[in-house]
Amino acid sequence: MAEKKDETTKREAIKKMERRSLRIAVLTGGGDAQGLNAAIEGIVYRAEYGGHRVFGFIDGWKGLLLEEFRELRKEVVRNSYSQGGTIIGTSRTNPVKDEETKQKAIKNFKELAFDAIIAIGGEDTLGAAAKLYEAGIPAVGIPKTIDHDVLETEYTIGFQTAVSIVADAIEKLGTTAKSHRRIIVVEVMGRHSGWIALYGGLAGGADYILIPEVKPDINDVVRVIKEKYGRGEQFAVIAVAEGVKLPNEEEKKVNIVDEYGHEKVGGIAEKLAKILENQTGYPAKHVVLGYLQRGGSPVAIDRTTPMLLGVKAVELVENGDFGKMVAMKGSRVVVVDLKKVSAGIKPVPRDLYEFARLFFD
Ligand code: F6P
């Protein structure tokens, strides 16, 4: 028996030696999120197990364009899984914003002699990875965004931590709203999707939740508030996603866009608070949670799942399985086409909103 075990160990050792040591690049792009460092730690640990080296591009795709990167070894990333933010920085740089930039990205990648790139990001970062893959760069994606709106996955790094922050904030705002018999409108992130508002609002006990996917019915919000005050509970907390547009604002285009063409959203809470105060007669205040939703340490699931996805991404690289994104379907890690991911964003389904509406009354 002992002899057989030795044989297997020897075979494993030879296989590992035969497998070339790869130079794997990793980057974090777009808005930061809690759990990015856990994904990086998973990548580095699995890479070193396979005899490979990992290099982190500084500040996302900008690092590739400026050829700025640093080697990531176990001793550098050890225990960073529980730290918020990203140890290699991020940006909203778009490496395929025009042909010249795209060619520079490809040229730099080849000159730096990397064997693969693991891009950790949302639909913008992963969309760029898909385009560079089509141009010949061996790329693998990991889904990250507090917005939770990446297609083809039921999990994105940072979402659950953002939901916990929003739920806690709504609960806290409820006690002060109650003391002053006020309405407090809370604006949460999510850009053009309402996942954070829906789950954070539900978990925090918001009295009403407005999301961009559903046209806001202000009269119904007023009705719910008046009925609540009428029951003697003279306060209300309203959760509104930053991408919600008031009925008269549908067509208004904001001209501030980022390198991926995204308009800056936000400002709805202040407007909605004024409307609700006028229509209910009760005092109303507004709070914009902003970057609090992207700060601090990740909750448990945003530590463990990113590590798992990081390990899986390195295995795809080892197997030469490029143009793919590692994802979660239920509790299972799956592999999906990167190209499909950049086809758009995943909206909150109507039936899920209708489920949440049950709890507004
Ligand atoms: O995509 C994540 C996100 O936090 C959005 O919810 C938000 O609208 C956007 O990033 C803010 O972008 P920035 O960090 O560039 O201000």
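Residue numbers run from 1 in the order of the sequence given. As the structure lists them, so they are numbered: ligands from 1, and atoms in each ligand from 1.
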Quiz: residues 328-349 side-chain donor-acceptor pairs under 3.5 angstrom, not counting sequence neighbours:
unit_1: S342; atom_1: OG; unit_2: K339; atom_2: O; d: 3.0
unit_1: K346; atom_1: NZ; unit_2: T153; atom_2: O; d: 2.8

| message | Checking the N or O distance criterion of under 3.5 Å, is ligand 1 in contact with G190? | response | yes
| request: Please examine the side chains of L276 and I225, heavy atoms only from C-beta on, and report whether any two atoms are closer than 4.5 Å. | output: yes
| When you measure from atom 16 (O) of ligand 1 to every protein heavy atom, which one gives the shortest distance, and what is it? | Y291 OH, 2.4 Å
| query | Looking at T176, D168, T175, which hits side chain to side chain donor-acceptor pair (under 3.5 Å) with K172? | reply | D168
| remark: Among Q293, H262, K264, R92, closest by heavy atom to atom 9 (C) of ligand 1 is R92
| Identify the closest protein heavy atom to atom 4 (O) of ligand 1: which residue and atom is it, and at what distance? | R294 NH1, 2.7 Å
| query | With sequence neighbours left out, which residue pairs that include part of residues 138-161 fulfil the salt bridge (charged side-chain N to carboxylate O under 4.0 Å, His left out) condition? | reply | none
| query | How close does the nearest protein non-hydrogen atom get to atom 6 (O) of ligand 1, and which residue and atom is it? | reply | D147 OD1, 2.8 Å
| Any cation-pi pair here, R92 with Y260, using under 6.0 Å and within 45°? | no
| query | Where the closest heavy atom to atom 7 (C) of ligand 1 is concerned, which of R191, H148, E242 has it? | reply | E242
